[in-house]
2 protein chains.
Amino acid sequence: MAAPLSERKQQILRAVVVNYIKTAEPVGSRTVSRAYKMGLSSATIRNEMADLEDLGYLSQPHTSAGRIPSQTGYRYYVDNLMDPDDLSADDELAISSSLSTEKMREIEQIINNSARVLSSATNQTSLIMGPQFRKSAFHQLRILPLDEKRGLVVLITDTGFIKNKVIDMQQQLSQAELHQVVSYLNQKLYGLTIDQVTSSLINELKRDLFKRLEILEQAFILLEESLKEEKQIRVFLGGTTNILNQPEFKDVDKIRRMLNLFEQEPLLFKILEDSSSEDDIVVSIGEENEYEDIQECTLITGTYKIHDKTLGTVGVLGPTRMDYSRVISVMRRLVGYLNQSLSS
Amino acid sequence: MAAPLSERKQQILRAVVVNYIKTAEPVGSRTVSRAYKMGLSSATIRNEMADLEDLGYLSQPHTSAGRIPSQTGYRYYVDNLMDPDDLSADDELAISSSLSTEKMREIEQIINNSARVLSSATNQTSLIMGPQFRKSAFHQLRILPLDEKRGLVVLITDTGFIKNKVIDMQQQLSQAELHQVVSYLNQKLYGLTIDQVTSSLINELKRDLFKRLEILEQAFILLEESLKEEKQIRVFLGGTTNILNQPEFKDVDKIRRMLNLFEQEPLLFKILEDSSSEDDIVVSIGEENEYEDIQECTLITGTYKIHDKTLGTVGVLGPTRMDYSRVISVMRRLVGYLNQSLSS
DNA sequence: TTTAGCACTCTATCTTGCAGAGTGCTAAAA
DNA sequence: TTTTAGCACTCTGCAAGATAGAGTGCTAAA
């Protein structure tokens with residue numbers, strides 16, 4: 001399998017992949033010899049293509065059709081043959097304008113826009129995992145009295161999350177006492193990620209503060225509920241209808257399975273999390289994906305950060321026949337802008 | 001058009017509608033005479049059916065096919081012929097258990113669950129408009145100092161919305177001054193709906209308070225942004241893939257148009273708002289819908305309330321061939337539970 | 001007024017035939 | 001030894017017919 005391909009074979013493989021990505025039609029020897037003038041007749045190309053098929057890089061839908069890349073073929077293309085796609089000025093503009101011009105304070109809105117841009121620039125479906133609340137670090141807890149009976153607990157993280165909850169206070173507490181308790185909690189919790197605020201830690205704190213327990217019970221409930229509630233993180237989708245434009249999804253049954261998948265947020269979350277790496281863009285082709293439902297697809301993922309801390313994952317999902325170099329370029333650019341606009 | 005139908009014609013019309021809803025196949029005279037033994041031969045039924053076609057209640061896909069209900073036919077059925085569907089114990093349980101058992105604090109989660117239940121119980125796509133922030137009444141505004149340079153503005157409505165925003169305070173303000181300003185605002189705004197807080201009102205308030213203007217500028221921005229940002233209210237969808245099971249959507253192009261519609265939240269919002277009435281369940285059949293995209297569909301809507309105040313709209317969207325009586329029953333029940341669980 | 005009977009129409013499906021695209025192989029040319 | 005031309009062969013997709021089935025409308029009898 002690791003036998004290095006001759007220069008000529010590489011050129012032919014590239015030609016087939018590029019052509020198939022563009023046309024979605026099996027590529028014949030004539031097409032290759034004509035379109036990519038390398039001074040070879042179709043017969044020669046035919047022989048080479050037969051070799052490439054034996055080596056597992058190409059396959060034939062039926063005896064008298066052209067060749068299409070196999071999964072291994074795509075992999076070889078991505079690893080060795082692909083040349084980087086320079087984004088057009090238009091693309092560049094589309095990405096930057098939809099992200100940076102507007103002053104978007106809401107992180108949710110930024111993510112949503114990103115999903116839209118990513119899907120429309122790639123013509124595929126995009127999935128973006130929202131920032132993971134649980135991985136954020138505890139920053140500040142406040143309790144704001146609303147009236148005699150109620151208060152507002154506010155929890156702020158370093159990544160800009162603000163969680164709040166109205167609580168009932170069964171027992172009156174003086175301003176000073178409240179302040180004292182709150183600052184104790186802040187001191188204990190500061191810098192911990194939400195994940196680290198386990199219930200055992202909460203219990204420990206409760207013991208320390210048991211005198212004021214009744215009032216703070218509700219505040220602890222906020223903490224605990226935050227943990228539970230955010231277990232399923234939102235995954236933002238863009239361009240789910242784009243798969244309908246792909247000829248490989250003209251079968252209604254495949255469409256159904258795909259759309260069904262899109263409705264299962266927790267699963268999408270797992271898929272994204274599993275196949276992504278913090279460092280670079282990851283390309284998972286066909287059966288390289290663990291999840292059966294997307295083994296006819298390619299998933300390309302990247303991660304975005306705020307102040308060098310990984311916040312979430314960005315993904316593009318489409319048929320294995322996808323414009324790899326374009327998607328990768330777009331994603332790289334998008335992630336760049338995203339990092340930049342989140343850090344401000 | 002208003003000529004009353006004979007009892008027999010009504011029975012036949014009902015038979016055709018019921019049968020077509022069930023099978024999605026044109027209904028022939030033989031089928032009607034056999035299945036609904038009313039002691040008439042198929043020939044007689046044929047004559048009656050020809051009459052019903054002349055009257056506009058039925059139509060024929062082609063000369064030698066059975067009849068299918070026209071839009072007018074469905075309308076007549078819904079208004080005069082339909083008998084109420086008693087929900088099975090299973091359905092009843094499915095609805096109640098997925099809504100009331102769990103202690104769901106988050107309104108978003110309640111709505112989301114409702115959408116799921118509604119779509120799975122009806123096998124159609126469900127749309128639920130979240131509570132309308134803009135129609136909520138202003139309840140309380142608070143400003144909570146976080147540190148020397150920043151504060152948290154909190155806006156609370158009577159329907160339990162809590163909006164907040166971190167603001168920069170360019171200028172130090174004493175606790176007392178802040179308190180004074182905030183209570184002035186609360187007094188002026190209390191009880192107004194968010195819709196009523198127009199920018200002219202805001203400007204007026206700004207004039208009154210112009211001495212502290214710089215600090216409060218940010219608080220006003222929160223108000224104004226709330227107005228803008230919430231213009232497009234979230235519409236929760238359930239069972240979007242259900243349309244794929246409907247034989248009328250076996251055309252990929254129709255599917256695409258439908259799914260495209262589902263991605264346009266503001267449009268969905270308008271559709272729901274326009275065709276709903278506060279009082280009862282509304283059935284809009286085919287071209288009775290204003291929006292071209294759904295003129296091959298039927299939209300059934302209802303509204304849910306909290307303390308007798310209308311919060312949002314619930315809808316079921318599917319082909320005109322839908323099980324009207326079932327959908328209406330399910331929706332009526334769901335809205336009941338929803339009202340109940342929101343008011344607590 | 002209802003019914004039986006029959007000719008007619010339309011659709012869906014299956015078969016057949018054919019053109020087009022592309023291959024693999026062989027033998028000749030470089 | 002490598003490349004090329006030529007040719008027979010295979011497979012698909014499409015169009016044109018053929019056929020069965022369902023259901024109608026009409027007419028004449030009950």
Side-chain angles (χ1 to χ4, degrees), chain A residues 5-13 15-20 22-70 73 247-248 250-252, chain B residues 5-13 15-20 22-70 73 247-248 250-252:
Chain A
L5 293 181
S6 73
E7 177 63 27
R8 200 168 71 180
K9 281 199 175 56
Q10 295 196 4
Q11 275 191 27
I12 292 173
L13 177 54
V16 172
V17 172
V18 168
N19 217 279
Y20 185 63
K22 203 156 53 186
T23 65
E25 298 285 321
V27 185
S29 55
R30 236 181 98 95
T31 315
V32 174
S33 90
R34 243 186 329 189
Y36 305 83
K37 36 188 155 194
M38 40 185 88
L40 291 175
S41 79
S42 65
T44 312
I45 309 274
R46 258 202 302 284
N47 289 329
E48 292 286 43
M49 277 163 77
D51 287 356
L52 281 168
E53 183 168 358
D54 286 344
L55 292 169
Y57 295 107
L58 295 179
S59 73
Q60 247 179 330
H62 57 88
T63 20
S64 76
R67 302 302 208 290
I68 65 178
S70 70
E248 24 273 281
K250 59 178 196 263
D251 177 15
V252 178
Chain B
L5 293 181
S6 72
E7 177 63 28
R8 199 166 72 180
K9 281 197 174 61
Q10 294 196 4
Q11 274 192 28
I12 292 173
L13 177 55
V16 172
V17 172
V18 168
N19 217 278
Y20 184 63
K22 203 156 52 188
T23 64
E25 298 285 322
V27 184
S29 53
R30 237 180 97 96
T31 315
V32 174
S33 89
R34 242 186 328 191
Y36 305 82
K37 36 189 156 192
M38 41 185 92
L40 291 176
S41 78
S42 66
T44 311
I45 308 273
R46 256 200 304 283
N47 289 329
E48 292 286 44
M49 278 162 79
D51 288 353
L52 282 167
E53 183 168 357
D54 287 343
L55 292 169
Y57 294 106
L58 294 179
S59 73
Q60 247 178 330
H62 57 86
T63 21
S64 76
R67 301 302 206 292
I68 65 179
S70 70
E248 24 273 280
K250 61 177 195 267
D251 177 15
V252 179

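Letters A, B, ... mirror the listed sequences (proteins, then strands); counts begin at 1.
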Separation of [Y] [atom2] from [X] [atom1] (nearest 0.5 Å):
X     : Y     : atom1 : atom2 : result
B/L52 : B/I45 : CG    : CD1   : 10.0 Å
A/R30 : A/R46 : CZ    : CZ    : 10.0 Å
A/T23 : A/I68 : OG1   : CD1   : 11.0 Å

Nearest whole Å is fine: how far is [N] [atom2] from [X] [atom1]?
X     : N      : atom1 : atom2 : result
A/L58 : C/dT23 : CG    : P     : 11 Å
A/R34 : C/dG22 : CZ    : P     : 8 Å
A/E25 : C/dA21 : CD    : C1'   : 11 Å
B/R30 : D/dG25 : CZ    : C1'   : 17 Å
A/R67 : D/dT10 : CZ    : C1'   : 13 Å
B/E48 : D/dC26 : CD    : P     : 15 Å
A/D51 : C/dG24 : CG    : P     : 10 Å
B/I12 : D/dT24 : CD1   : P     : 12 Å

The side chain of [X] is closest to which nucleotide in this list: [options]?
X     : options                : value
A/Q60 : D/dT12, D/dG25, C/dT23 : C/dT23
A/A50 : C/dG24, C/dA4, D/dG25  : C/dG24
B/N47 : D/dC11, D/dG6, C/dT3   : C/dT3
B/A43 : C/dT23, C/dA4, D/dA5   : C/dA4
A/T44 : C/dT3, D/dC26, D/dT4   : D/dT4
A/R46 : C/dG22, D/dG6, C/dA4   : D/dG6
B/S64 : C/dT23, D/dC26, C/dC10 : C/dC10
B/H62 : C/dC10, C/dG24, C/dT3  : C/dC10

**Asked** Which is true for A/S42 with a 4.0 Å heavy-atom rule: it touches a base, it touches only sugar-phosphate, or it touches nothing?
**Response**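 It contacts nothing in the nucleic acid.
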
**Message:** Using a heavy-atom cut-off of 4.0 Å across all strands, would you classify B/T63 as base, sugar-phosphate, or nothing?
**Reply:**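 Sugar-phosphate, backbone atoms only, no base.
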
**Message:** Quick one, B/L5 and B/Y57 - any side-chain contact, counting heavy atoms below 4.5 Å?
**Reply:**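 Touching, per the 4.5 Å side-chain cut-off.
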
**Message:** Would you say that A/R8 contacts A/L40 through its side chain, given a criterion of any heavy-atom pair below 4.5 Å between the two side chains?
**Reply:**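 A/R8 reaches A/L40 side chain to side chain.
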
**Message:** Both distances below 3.5 Å, Watson-Crick or wobble geometry, any strand: find the nucleotide opposite D/dA30.
**Reply:**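 For D/dA30, the partner nucleotide comes out as C/dT1, under the 3.5 Å rule.
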
**Message:** Tell me which nucleotide, if any, is Watson-Crick or G-U wobble paired with D/dG23 when both distances must be under 3.5 Å.
**Reply:**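 Partner of D/dG23: C/dC8.
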
**Request:** Using heavy atoms to find the nearest nucleotide of DNA chain C for A/A65 and B/I45 separately, return the residue whose nucleotide is more 5′.
**Result:**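 Closest to the 5' end, via its nearest nucleotide, is B/I45.
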
**Request:** Could you tell me which non-hydrogen atom of B/R67 sits nearest to which non-hydrogen atom of B/A50, and how far apart they are?
**Result:**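 Answer, listing the atom of B/R67 first, then B/A50: NH2-CA, 3.6 Å.
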
